[in-house]
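Quick notes on the structure that follows.
The chains referred to below are lettered A, B, ... by the order of the sequence lines, with proteins before strands, and numbering in each begins at 1.
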Amino acid sequence: MTRHLLLRLVQGALVLLVMSFLVYALMGLMPGDPVEMMAAASPSMTPEDVARLKALYGIDQPLPHRYLVWLGRALSGDFGYSRLSALPVAATLAPALRNSLTLMSGGLSLGLLLALPCGAVAALRQGGWGDRALNLLAFATISLPMFWLGLLLIMLFAVDLAWLPASGVETVGGGDLADRLRHLLLPTLTVALGCFGPYLRYSRAALGAALREPWVRTARAKGLSWRQVLLRHCLRHALIPLCTVLALDFGGLFSGVLVTESVFAYPGMGKLIYDAVLGSDYNLALAALLLATLTTLLGTLAADLAHGLLDKRVRAA
Amino acid sequence: MRRPLPAAARAGLCLLLALLLAAAAAPWLESALRVSAEQIDLSAMLLPPSAAHLLGTDDLGRDLLARLLRGGRVSLLVALSAASLAALLGTLIGLVAGTHGGWADALLMRLTDGVIALPLLPLLIVLGALDPAKLGLPPALLGGAGAAAGRIIVIIALVGWTTVARLVRAAALSLKQQDFIRSAQALGLGPGRIMLRHILPNTLPTLVVAATLSVGNIMLLESALSFLGLGIQPPLASWGTMLNGALQLLFTAPVLAVWPGAMIFLTVMAFNLLGDGLQQRLDPRQRG
């Protein structure tokens, strides 16, 4: 297990390194050029000034050289300044990361809370009409475009009923906790419905597999009700694959909530990446994309770990 | 013995056939209904449904039904082409990895792991925003909305091949152990011929199921990208692009946001149900 984990760590570091070069190179292929943008903004700059600035920032150097300089600085924790916010990149990333974590943890937990009981019902009545209806529901939520679901929720709760705010994290000018929660409600619901379908299918499969184990028959023979067997014995077993899926989803954090965040104008990591890429904020986009890769890798690692810790058979191997 | 497809899968198949037919016949349907997807008529903006315009008109006075048909053409074409390209790429990689084994297998599978570990949507946004001129592509490839659609197809295929590759590799690995492959080897057939003539045809069922299931996901990706303004560019419009336009008018004309989204939802659902049904038929043990 330790050997396996070490191998995964090395592999992850390698993927991160390759990804950093790839993204660095891609950034150079985006439209525009930082110094040209400055020149366009101030007409008094001469071509000589432009050349001097390019030399100053090292933009005239070849790509591998520029990448190595950037990598050296990044490894010492210096990711440069964000063009859009005129703040250090880390200071721009921190609040967005916090917002995304809030949205994601709320949404995933709600999704799981909704899906587990449904999965239990479906597993107990496999092939029955309840199972079939739930299966169809799972397919429906999997097939829903997240941004459309967000739009529908806005139309219903923010436009027609005017119960909830349509966008942002708080009322302009600051709000209390209740106000922030009201802003969180619709995006959280969107994320929760988005993961409901897959979680329902996973929990049905996991609980169904646990129900077919021989110890379930023993427990039933002892006189436990289905309910007790399910809650005391099967749930524990089913949680192993579910934890794995949860860890993977958490790793996919920014991919998962990107669309939801942009529909609700929620200032999280996904929206930040989108704005940084479209606003030619190279430093910010680069750091944010690498952070996204890092969390994806950490999620995979956490899934492996959870699998090993919860399942004694894997731990022994 | 062939099991019949489940009812849900048959419903999905019928819906898909109807959608494909409607998309293919869009120009004829338009002239039959005497409407146009392109004709801008500012005196007929945001009309409610009527006999002349069955679903009403959009913010530029274009017939909404005609726009939906045209959007469906683009959405279906892009999703099907991207899925086919991704399946082709995945089959090639999976087939080589599974048949050749050894270092090629190790290398290709690490590559697959790497691509799976990528943050998909953020990366697609970067790829969608790239400046093709800086890639050194000829300017002939750049002009027009058709080039943007081609770009989306290639970009999505480049990240969407992993599932097919893994499944085809697994199928090839198990086929390789079977007697008919060994006898083919004993007959002295070359590895290329064995791969293409004996292993590939037998991976086809797996391939078809995986490809069908991937179309839905790919369509969701394309529509998300187009919704964010990075996919299909106007004047060409997919259902996702139409939703992007509807976002600005959410408070004045919410109905514009309902139809394209509903079409995406129905199409993706149909593909998923069909794929699930095919999977059950291929391997009934998949579901308990």
Side-chain angles (χ1 to χ4, degrees), chain A residues 11-12 14-15 18-19 22-23 26-32 123 126-127 132 135-136 139-140 142-149 151-152 154-155 159-160 166 204-205 208-209 211-212 251-256 258-259 262-263 269-270 273-274 277-278 285 288-289 291-293 295-297 300, chain B residues 6-8 12 110 113-136 216-217 219-221 223-225 227-230 239-240 243-244 246-247 250-251 254-255 257-258 260-262 264-273 276 286-288:
Chain A
Q11 201 185 346
L14 215 65
V15 169
V18 172
M19 184 67 185
L22 215 72
V23 175
L26 284 178
M27 285 294 143
L29 292 172
M30 306 258 281
Q126 280 194 12
R132 278 192 232 161
N135 186 41
L136 209 60
F139 265 111
I142 290 173
S143 313
L144 265 178
M146 279 307 103
F147 49 93
W148 188 57
L149 178 63
L151 286 180
L152 289 184
I154 291 180
M155 271 156 59
V159 181
D160 284 352
R204 177 191 179 276
L211 280 171
R212 279 192 294 275
L253 188 66
F254 311 132
S255 284
L258 196 150
V259 176
S262 49
V263 171
M269 283 297 292
I273 291 177
Y274 178 70
V277 169
L278 289 198
L289 273 166
L291 190 60
T293 316
T295 53
T296 316
L297 287 169
T300 327
Chain B
R110 292 297 81 72
D113 287 346
V115 173
I116 289 175
L118 296 177
L120 199 57
L121 212 49
L123 192 71
L124 282 178
I125 287 186
V126 174
L127 289 174
L130 288 187
D131 183 0
K134 285 200 186 179
L135 274 171
N217 262 329
M219 185 167 244
L220 285 179
L221 270 180
S223 62
L225 274 179
F227 173 71
L228 293 171
L230 291 166
W239 287 327
L243 275 172
N244 175 308
L247 183 62
L250 198 57
F251 288 82
V255 71
V258 173
I264 299 173
F265 170 57
L266 282 178
T267 315
V268 174
M269 178 102 176
F271 272 114
N272 282 342
L273 287 176
D276 188 58
Q286 284 273 324
R287 274 178 66 83

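Using a 4.5 Å cut-off between heavy atoms, Leu136(A) touches chain B through backbone and side chain atoms alike. The contact between Leu230(B) and chain A is made entirely by side chain atoms (from C-beta outward), counting heavy-atom distances below 4.5 Å. Proximity to chain A (any heavy atom under 4.5 Å) is shown, for Ala270(B), by neither the backbone nor the side chain. When heavy atoms are compared at a cutoff of 4.5 Å, Ile273(A) approaches chain B solely by way of its side chain, counted from C-beta outward. Of the two parts of Asp113(B), only the side chain, counted from C-beta on, holds a non-hydrogen atom closer than 4.5 Å to a non-hydrogen atom of chain A. Only the side chain of Leu258(A) comes within less than 4.5 Å of a heavy atom of chain B; its backbone N, CA, C and O stay farther away. Looking at Leu123(B), both its backbone and its side chain come within 4.5 Å of chain A, counting heavy atoms on both sides. The contact between Ser262(A) and chain B is made entirely by side chain atoms (from C-beta outward), counting heavy-atom distances below 4.5 Å.
For the pair Met146(A) and Val263(A), the minimum side-chain heavy-atom distance is 4.5 Å or more. Looking at Leu243(B) and Ile264(B), their side chains come closer than 4.5 Å, going by heavy atoms from C-beta outward. In this structure the side chain of Tyr274(A) never reaches within 4.5 angstrom of the side chain of Val259(A), judged on heavy atoms.
The two atoms that bring Trp239(B) and Met219(B) nearest to each other are CZ3-CE, 4.2 Å, heavy atoms only. Of all heavy-atom pairs between Gly216(B) and Asn272(B), the closest is CA-OD1, 4.3 Å.
A distance of 12.5 Å separates CZ of Arg132(A) from CD of Gln126(A), quoted to the nearest 0.5 Å. Atom-to-atom distance recorded for Phe271(B):CZ and Asp276(B):CG is 15.0 Å, nearest 0.5 angstrom. Put simply, CG on Asn244(B) and OG on Ser223(B) are 11.5 Å apart, with the number rounded to the nearest 0.5 Å. The distance from atom CD1 of Ile142(A) to atom CZ of Phe265(B), rounded to the nearest 0.5 Å, is 11.0 Å.
With chain B as the partner, the residue from Leu149(A), Thr300(A), Leu289(A) showing the most heavy-atom pairs under 4.5 Å is Leu289(A). Of the listed residues (Thr295(A), Thr293(A), Leu14(A)), the one with the most heavy-atom contacts under 4.5 Å to chain B is Thr293(A). The candidate with the highest count of non-hydrogen atom pairs below 4.5 Å against chain A, out of Leu120(B), Val126(B), Leu273(B), is Val126(B). Chain B forms more heavy-atom pairs under 4.5 Å with one residue of Val18(A), Val23(A), Leu151(A) than with any other, namely Leu151(A). The candidate with the highest count of non-hydrogen atom pairs below 4.5 Å against chain A, out of Leu266(B), Leu127(B), Val258(B), Leu124(B), is Val258(B).
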